[in-house]
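Within every chain, numbering begins at 1; the chains are lettered A, B, ... in the order of the sequence lines, protein sequences first and strands thereafter.
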Amino acid sequence: MNIFQEIQTQVQQAFPALFGSEVELNKITINETPKDFIGDITLVVFPLLKLTKKNPEESAKTIGEFLVNNNKNITAYNIIKGFLNIEIYNDYWINYVLNQESGILNPKSETVLIEYASPNTNKPIHLGHVRNNVLGYALAGIYKANGYNVIKANLTNDRGIHICKSMVAWQQFGNGETPENTTDLKCRKGDHLVGKYYVEFDKHYKQQIADLIEQGKTKEEAEKQAPILLAAQEMLLKWENGDEETIALWKKMNAWVYAGFDITYKNLGVDFDKFYYESNTYLLGKNSVEDGLQKGVFFKKEDGSVWIDLTEDGLDQKLVLRADGTSVYITQDIGTADLKYDDFKMDQSIYVVGNEQDYHFKVLKLIMQKLGRPYADGIHHFSYGMVDLPSGKMKSREGTVVDADDLIADMINIAKEQTEALGKIDDFTEDEKTALFRTIGLGALKFFLLRVDPKKRILFDPKESIDLHGFTGPFVQYTYARTRSILRKAENIISHDSQFMTQDYQLHASEKELIKVLYKYSIVLEESCKEMNPAKLIDYSYEVAKTYNKFYNDCPILVAETEEQKKIRLHLTQQTGSTIKKCFAIVGIDVPERM
RNA sequence: GGCCGCGUAGCUCAGGGGAUAGAGCAACUGCCUUCUAAGCAGUCGGUCGCACGUUCGAUUCGUGCCGCGGUCACCA
């Protein structure tokens, strides 16, 4: 229990004795004291006045007196209007911070399955997918750090009409181009090769539509009759019937894509515990539809199609099985949800998917609840905003995307240029340099994507490169490198006695500020999990770095005035470094020893 | 049109019933013979989209309106 909760509970328990009535815990508002007031913690008494039956000053005084007399960590209080400002002994903060060790909060027995990435195998990964990957990985890290048992799952969308489109285009216009024999350097990476034919398909499709309209067809007719589309549809049928040639082509092209994805995942530093493939799961869910029909959750229309009526839940009727008995998107998701539960018996199932699918996941959760699945209440759609360009939405089909591989390369390049300009690492080996540029470039990129509230959309202007100064990943990384530099220079610093402080040690204002920031680590970690918001942790890492830099400017460390002061400052330096490292490790950002 | 999300400084974003609304970028001013200046300190910049309501107190909660985005497929 942290000091905020401790005081809150203490006041609640003493309340009847002090004022003769009970009080709810959430009525007791505890905040950090704003900078310009004296005190560490502030209790707002206004909400309590009805219960205390006294004016604000008297109520505050009663509580203040009680706390000073009954909590050994509290040294004094002052009252300004209805605010009770409480001062805490320095020892309390210091001892807590210096002894804070573990990075993982109390282990829990719950299992959380987090599905993210979930790419289509017809095109390379773009910036929107990068946001998904980075958010999913960070969220998983946060759950882990909060003591949950976490499974990272990737549901690869490897079949369907869109996959057949690239296949058809490659067949018709590919001339046998492969990642091995291609002259297009970019297409050596297989996902780009396949993506090229996805774009190619769209080009020809549009041209054919135009031609058909020229020949007198209506737009609707033309869109349905374009030969290349018919070819894709025919290929899908062949695929579903297990046609050997088609399956072989599908396997070949998917293998190219997977090889490419592996490289990008590795570059992004994300990983998965379990891969699901839609080609294996797309037939699942039909049994559940049968089950739902018997339970009366679903109903059958005259044409044989199966529906669910969600009008009572404020939604519409939704198709779950076509009249010809084939499944739709949601049918597969029903089946896959069950499959995940069979595999992992998860308590929570989180889907990291863009907010354009809010409606779909609302429906999915309702269906699972109505089917009475034990994990249904634990389904959660982690909905995040799109990454838009100044020109609008990114569309792979039309080639208007910020490619992930390009962007990563750009970021590393920017890191390289700026680092070399500073000339601090001229003694690095080539390997060390490469590693550092990658750490900084990816740090900047991931921080940029994570610092924004997930549900907000991000506008990305490719013309403006991602910054390396200010509220950025490299700023925090730089601070970490600073702490490392100090610690390298200090010799036999970290004595393991943590009680070395004398009672009357006077904390410098910047020391105290830093200590109080470091104190909040586990509070923030817990909050970022509860609110499912990696930005909280990112924001905090910045606050730590910012506060340390101020401390660094104000307080000499290695040349401190006394040995005691030096020890404390080195400890704070060490704690700052480890806190930054922990935060960044959780969300998947590396940290350099020097930069 | 129905439903969902968003609207805070010139720009990008924090805050989320409580005291004087905070950062970064941009612009301007100082600080490297001292532990990494990718830093620190400062100046400039706000009717928290608009209106009404609830409250001791609203930028925060509610309702309505306006603006932007998404969605309402037998696509995924």
Side-chain angles (χ1 to χ4, degrees), chain A residues 29 31 33-37 42 44-47 49-50 56 80-83 85 118 120 157 159-163 278 282 303 305-307 314-316 318-324 326-333 353-360 362-363 383 385-386 388 392-393 415 418-419 421-422 424-425 440 444 448 451-453 455-461 464 467-479 481-490 510 535-536 538-539 542-543 545-546 548-560 566 569-570 573 594-595:
Chain A
T29 313
N31 298 326
T33 305
K35 286 238 165 67
D36 298 333
F37 298 91
T42 296
V44 187
V45 297
F46 290 113
L49 296 182
K50 279 193 186 127
I80 298 172
K81 293 193 259 176
F83 301 94
N85 298 321
S118 303
N120 292 333
N157 186 345
R159 48 131 257 137
I161 187 75
H162 51 296
I163 310 294
E278 232 180 73
Y282 82 107
D303 66 353
S305 59
V306 182
W307 296 71
L315 307 178
D316 302 312
K318 184 91 186 168
L319 178 91
V320 294
L321 204 64
R322 293 188 186 107
D324 63 5
T326 57
S327 42
V328 290
Y329 180 37
I330 200 139
T331 326
Q332 303 172 31
D333 269 0
V353 180
N355 62 11
E356 52 194 2
Q357 293 195 40
D358 284 356
Y359 186 82
H360 171 78
K362 224 184 248 178
V363 171
S383 161
M386 300 287 104
D388 291 333
K393 231 180 145 175
Q418 299 202 19
T419 305
L422 289 171
K424 293 183 192 174
I425 56 151
I440 296 172
F448 173 81
R451 57 168 243 232
V452 183
D453 184 338
K455 61 176 183 291
K456 292 194 178 170
R457 77 193 181 113
I458 292 182
L459 246 170
F460 179 82
D461 189 345
E464 289 173 30
D467 215 327
L468 270 48
H469 301 265
F471 184 14
T472 67
F475 172 93
V476 180
Q477 289 172 324
Y478 173 75
T479 308
R482 263 188 163 171
T483 67
R484 298 307 298 160
S485 169
I486 294 261
L487 293 172
R488 272 193 304 272
K489 286 189 174 142
S510 302
K536 275 265 150 72
I538 287 291
D539 212 44
Y542 174 72
E543 194 187 350
K546 179 108 186 122
Y548 180 81
N549 283 332
K550 182 173 169 53
F551 158 82
Y552 179 92
N553 257 267
D554 294 347
C555 304
I557 300 165
L558 295 171
V559 287
K566 183 172 162 184
R569 290 178 178 177
L570 282 169
T573 299
R594 279 178 57 192
M595 69 185 272

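Mapping A:P47 and A:D539 onto RNA chain B by nearest heavy atom places A:D539 closer to the 5' end of the strand. In terms of position on RNA chain B, the residue among A:L422 and A:I557 whose nearest nucleotide sits closer to the 5' end is A:I557.
Between A:K489 and B:U36, a side-chain N or O to OP1/OP2 separation shorter than 4.0 Å is present. Considering only side-chain N and O atoms, A:H469 lies nowhere under 4.0 angstrom from the phosphate OP1 or OP2 of B:G24. Taking side-chain N and O atoms only, A:Y478 has a distance below 4.0 Å to OP1 or OP2 of B:A38.
Looking only at distances, no side-chain donor or acceptor of A:R457 sits under 3.5 Å from a matching main-chain atom of A:M386. Judged by distance alone, with hydrogens and angles left aside, the side-chain atoms of A:S485 form no donor-acceptor pair with the main-chain N or O of A:A481 at under 3.5 Å.
In this entry the distance linking CG of A:L319 with C1' of B:A73 reads 10 Å, nearest Å. Whole-Å rounding puts the A:L321 CG to B:C75 C1' distance at 16 Å. Rounded to an integer number of Å, the gap from CZ of A:F83 to P of B:C56 is 16 Å. Nucleotide B:C35 holds its C1' atom 12 Å from the CZ atom of A:R488, rounded to whole Å. As rounded to whole Å, 13 Å separates atom P of B:U71 from atom OH of A:Y329. Rounded to an integer number of Å, the gap from CG of A:D324 to C1' of B:C74 is 8 Å. Taking atom CD1 on A:I161 and atom C1' on B:C74, their separation rounds to 14 Å, with Å as the unit. Atom P of nucleotide B:G24 and atom CG of A:L468 are separated by 16 Å, given to the nearest angstrom.
Using a 5.5 Å limit on the distance between ring centres and a 30° limit on the angle between planes, the aromatic ring of A:F471 does not count as stacked on the six-membered base ring of B:A23. The side-chain ring of A:Y542 is not stacked on the base of B:A23, judged by centre separation under 5.5 angstrom and plane angle under 30 degrees.
Contact of A:D467 with B:A26 (side chain to base): no donor-acceptor pair of N or O atoms is detected under 3.5 Å.
Side-chain proximity of A:V452 to B:A14, B:A38, B:C74: nearest is B:A14. Of the listed nucleotides (B:U36, B:A38, B:C13), B:A38 has the atom at the smallest distance from the side chain of A:T419. Checked against B:A14, B:A19, B:A76, the side chain of A:F37 finds its nearest nucleotide in B:A19. You'll find that the side chain of A:R322 is closest to B:C75, out of B:U71, B:C75, B:C13. Candidate nucleotides B:C74, B:U36, B:C56 were compared by shortest atom distance to the side chain of A:K50, and B:C56 ranks first. Of the candidate nucleotides B:A19, B:A38, B:U36, B:U36 has the atom nearest to the side chain of A:Y552.
Closest approach of A:H162 to A:N157, counting heavy atoms only: NE2-OD1, 3.5 Å. The shortest non-hydrogen separation linking A:Q418 to A:H469 is OE1-NE2, 3.6 Å. Heavy-atom minimum distance, A:V320 versus A:W307: CG2-N, 4.1 Å. The two residues A:I425 and A:R594 come nearest to each other via the heavy atoms CA-NH2, 4.2 Å. A pairwise comparison of heavy atoms in A:P56 and A:G82 identifies CB-CA, 4.1 Å as the closest pair.
When only modelled atom types and interatomic distance are considered, A:T33 and A:T42 share a side-chain donor-acceptor pair under 3.5 Å. Checked by atom type, the side-chain pair A:N355/A:S383 shows no donor-acceptor distance below 3.5 Å.
Within 4.0 Å of A:E278, counting heavy atoms only, lie sugar-phosphate atoms of the nucleic acid but no base atom. Across all strands, A:D36 comes closer than 4.0 Å to base atoms (heavy-atom distances). As judged by a 4.0 angstrom heavy-atom cut-off over every strand, A:M386 is placed among residues making no nucleic acid contact. Residue A:T472 is out of contact with every strand shown, counting any heavy-atom pair closer than 4.0 Å. Using a 4.0 Å heavy-atom cutoff across all strands shown, A:D461 reaches no nucleic acid atom at all. A:K318 comes within contact range of no nucleotide atom at all, as no heavy-atom separation falls under 4.0 Å. A:D303 comes within contact range of at least one nucleobase, with a heavy-atom separation under 4.0 Å.
Anti is the conformation of B:C28, whose glycosidic angle sits further than 90° from 0.
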Practice problem: Check the pair A:D358, A:K362 against salt bridge (charged side-chain N to carboxylate O under 4.0 Å, His left out), reporting the backbone distance first and the verdict last. | Solution: CA-CA 6 Å; A:D358 284 356; A:K362 224 184 248 178; over 6 Å; no
Quiz item: Should A:D324 and A:R322 be marked as a salt bridge (charged side-chain N to carboxylate O under 4.0 Å, His left out) after you check the CA-CA gap, both sets of side-chain angles, and the distance that decides it?
Solution: CA-CA 5 Å; A:D324 63 5; A:R322 293 188 186 107; 5.3 Å; no
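Figure legend: cation-pi geometry between A:R451 and A:Y542 absent, as NZ or CZ is not positioned both under 6.0 Å from the six-membered ring centre and within 45° of its axis. In this structure, A:R482 fails the cation-pi test against A:Y548, since its NZ or CZ atom is not both closer than 6.0 Å to the six-membered ring centre and inside 45 degrees of the ring normal.
Side-chain atoms of A:F448 and A:T472, non-hydrogen and from C-beta on, never get closer than 4.5 Å to each other. In this structure the side chain of A:K566 never reaches within 4.5 angstrom of the side chain of A:P556, judged on heavy atoms.
Distance noted for atom C1' between B:U12 and B:U71: 27 Å (whole Å). Distance noted for atom P between B:A38 and B:U34: 14 Å (whole Å). Comparing B:C66 with B:C50, their P atoms are spaced 15 Å from each other, to the whole Å.
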Self-check item: Reading 5' to 3' through nucleotides 1-10 of chain B, protein heavy-atom contacts under 4.0 Å coded B for base, S for sugar-phosphate only, - for none
Solution: ---SSSS---
Practice problem: Quick one, give me the B/S/- string for nucleotides 40-46 of chain B, reading 5' to 3', where B means a protein heavy atom under 4.0 Å from the base and S means that only happens at the primed atoms, P, OP1 or OP2. | Solution: SS-----
Quiz item: How does RNA chain B read in dot-bracket, base by base from 5' to 3', with Watson-Crick or G-U pairs under 3.5 Å and | used when the partner is on another strand?
Solution: (((((((..((((....[...)))).(((((.......))))).....(((((..]....))))))))))))....
